[in-house]
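Worksheet: one structure, shown below.
In this chain, numbering begins with 1 at the start of the sequence shown.
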Amino acid sequence: MQHFRIGLALALAILSACNSGTNKEAATGESASVVKPATPDGTVSVTFSDKEKDTSLINIKFQLKEGTKEKSFEQSLLKDVPEADLYKVLWNEPNSCYIGVMKANHQPRYYHAFIDDKKDVKILWAATPPQPIWEYMEGTLGLGKVTAGGEMLQKYKKSFQSGNILADFIAEIKPDASPDSLELYVEFGGLRKSMFMPVPTGSKGVIQPTGQDDHVYFSFVKDGKAEPVIDLHVENGRLQIKTLKEIK
């Protein structure tokens, strides 16, 4: 059995984990504490079509006194969550706002609606939003945290065949020596891993089934909101572990 003790980000990079949101870290800036939501000089509306399909359509309508812009984008959406948890809007200036929309893999995608130097109204995909923006939206506004619902377990166990391997897929939360940390144990097909991690103040670790036998999330629940931080699934007989969010 392999054992890992993680404090901060070292988390699960050892386990071939890849945080698809790390490109945001390239955008440096001041602390998120300097972000002060602005009073809008207009309105923005966000609507969704084909939400249950693998690829959905997001329609953003941005209205200012200088003009109106409407644009649609294709994106995979996080399923089975209230719309209030699916996206958040932050007006960072009276004529500029960011829209964060949760993808199916629990990572946000950002869009920027603004007026440019030529007084043209624009709506663009913001691949790398400024750090203070995404920190505020994911921290203060709670983008990525969803209303806790469905099963929340301390131990998950399912037997199935993946590739050529028939085995039990186990994900279990165990107490650690310190009440401020826990052990996450996962197993499939002879591969066993134990990961030790801190528990954020006021949070509780849970296993969230997805409805697919080979896929669960390890999440922290606080104040009725669940935030998946580790994706656990089996693919072609191999146990896959992916960090969705840095554990602090």
Side-chain angles (χ1 to χ4, degrees), residues 9 18-79 81-147 225 227-229 242-246 248:
C18 174
N19 187 343
S20 63
T22 52
N23 64 329
K24 295 179 301 184
E25 296 174 5
T28 58
E30 299 178 70
S31 167
S33 62
V34 304
V35 173
K36 296 180 180 179
T39 300
D41 272 351
T43 62
V44 64
S45 62
V46 183
T47 57
F48 303 93
S49 303
D50 301 323
K51 290 173 66 175
E52 299 308 314
K53 293 185 177 180
D54 291 340
T55 300
S56 304
L57 198 64
I58 303 169
N59 184 265
I60 300 173
K61 186 175 183 179
F62 188 49
Q63 294 180 290
L64 296 172
K65 61 184 178 181
E66 291 83 358
T68 297
K69 182 75 173 182
E70 191 167 1
K71 195 169 182 180
S72 296
F73 300 86
E74 290 187 337
Q75 178 183 321
S76 64
L77 294 179
L78 186 61
K79 302 290 192 295
V81 297
E83 199 159 286
D85 294 334
L86 183 59
Y87 77 99
K88 303 290 183 184
V89 175
L90 170 64
W91 287 82
N92 62 313
E93 296 178 9
N95 56 9
S96 169
C97 69
Y98 283 86
I99 303 102
V101 183
M102 295 304 298
K103 298 189 293 184
N105 64 358
H106 283 269
Q107 296 295 327
R109 175 173 288 174
Y110 288 92
Y111 303 92
H112 188 198
F114 63 102
I115 185 168
D116 66 11
D117 294 339
K118 297 179 180 179
K119 303 301 181 182
D120 291 331
V121 182
K122 303 280 189 180
I123 303 175
L124 302 175
W125 171 36
T128 310
Q131 183 174 343
I133 297 295
W134 66 258
E135 284 187 344
Y136 187 91
M137 294 187 72
E138 296 176 29
T140 303
L141 297 185
L143 180 65
K145 299 178 177 66
V146 299
T147 303
K225 294 285 188 177
E227 183 171 26
V229 293
K242 179 181 178 182
T243 303
L244 300 174
K245 192 173 183 68
E246 181 180 330
K248 298 181 179 180

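A distance of 8.0 Å separates CZ of Phe48 from CD of Gln75, quoted to the nearest 0.5 Å. With rounding to the nearest 0.5 angstrom, the NZ atom of Lys88 is 10.5 Å from the CE atom of Met102. Going from atom CG of Leu78 over to atom NZ of Lys51 covers 10.0 Å, rounded to the nearest 0.5 Å. Atom CZ of Phe114 and atom CG of Leu124 lie 4.5 Å apart (nearest 0.5 Å). With values rounded to the nearest 0.5 angstrom, Cys97 atom SG is found 10.5 Å from Ile133 atom CD1. Atom-to-atom distance recorded for Leu77:CG and Lys79:NZ is 6.0 Å, nearest 0.5 angstrom.
Ile115 and Asn95 make their closest contact through CG2-ND2, 2.9 Å (heavy atoms, listed as atom of the first residue, atom of the second, distance). Looking at every heavy atom in both residues, Glu138 comes nearest to Pro108 through OE2-CG, 3.4 Å. Tyr110 approaches Gly100 most closely through the heavy-atom pair CD2-CA, 3.8 Å. Minimum heavy-atom separation, Arg109 to Trp125: CG-NE1, 3.2 Å. Closest of all the heavy-atom pairs between Asn105 and Lys242 is ND2-NZ, 4.3 Å. Residue Ala126 comes nearest to His112 through the heavy atom pair CB-CB, 4.2 Å, listed as atom of the first residue, atom of the second, then distance.
Tyr136 has its ring centre no less than 6.0 Å from the ring centre of Trp91.
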Let's go through Lys122 and Lys69 carefully: what are the C-alpha distance in whole Å and the side-chain angles of both, what is the deciding distance for side chain to side chain contact (heavy atoms under 4.5 Å, CB included) to 0.1 Å, and is it a yes or a no?
CA-CA 7 Å; Lys122 303 280 189 180; Lys69 182 75 173 182; over 6 Å; no
Does the pair Leu90 and Val35 meet the rule for a side chain to side chain contact (heavy atoms under 4.5 Å, CB included), with working shown?
CA-CA 10 Å; Leu90 170 64; Val35 173; 3.9 Å; yes
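Glu66 places no side-chain N or O within donor-acceptor distance of the main-chain N or O of Asp120, the cut-off being under 3.5 Å. At least one donor-acceptor pair closer than 3.5 Å links the side chain of Lys71 to the backbone N or O of Ile123. Here the side chain of Lys119 pairs no donor or acceptor atom with the backbone of Asp117 at under 3.5 angstrom. Although no hydrogens or angles enter the test, the distance criterion places no donor-acceptor pair under 3.5 Å between the side chain of Lys145 and the main chain of Asp85.
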Let me check something: any side-chain donor-acceptor pairs from residues 52-60 under 3.5 Å, sequence neighbours excluded? List them with distances.
from: Ser56; atom 1: OG; to: Asp50; atom 2: O; distance (Å): 2.7
from: Asn59; atom 1: ND2; to: Ser72; atom 2: OG; distance (Å): 2.9

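Thr68 meets the side chain to side chain contact (heavy atoms under 4.5 Å, CB included) test with Lys61, Gln63; sequence neighbours excluded. Contacts of His106 classified as ring-ring contact (aromatic ring centres under 6.0 Å, His included), with partners at least two apart in sequence or in another chain: Tyr217.
Within a 6.0 Å radius of CD in Glu74, no more than 12 heavy atoms belonging to other residues, nucleotides or ligands are found.
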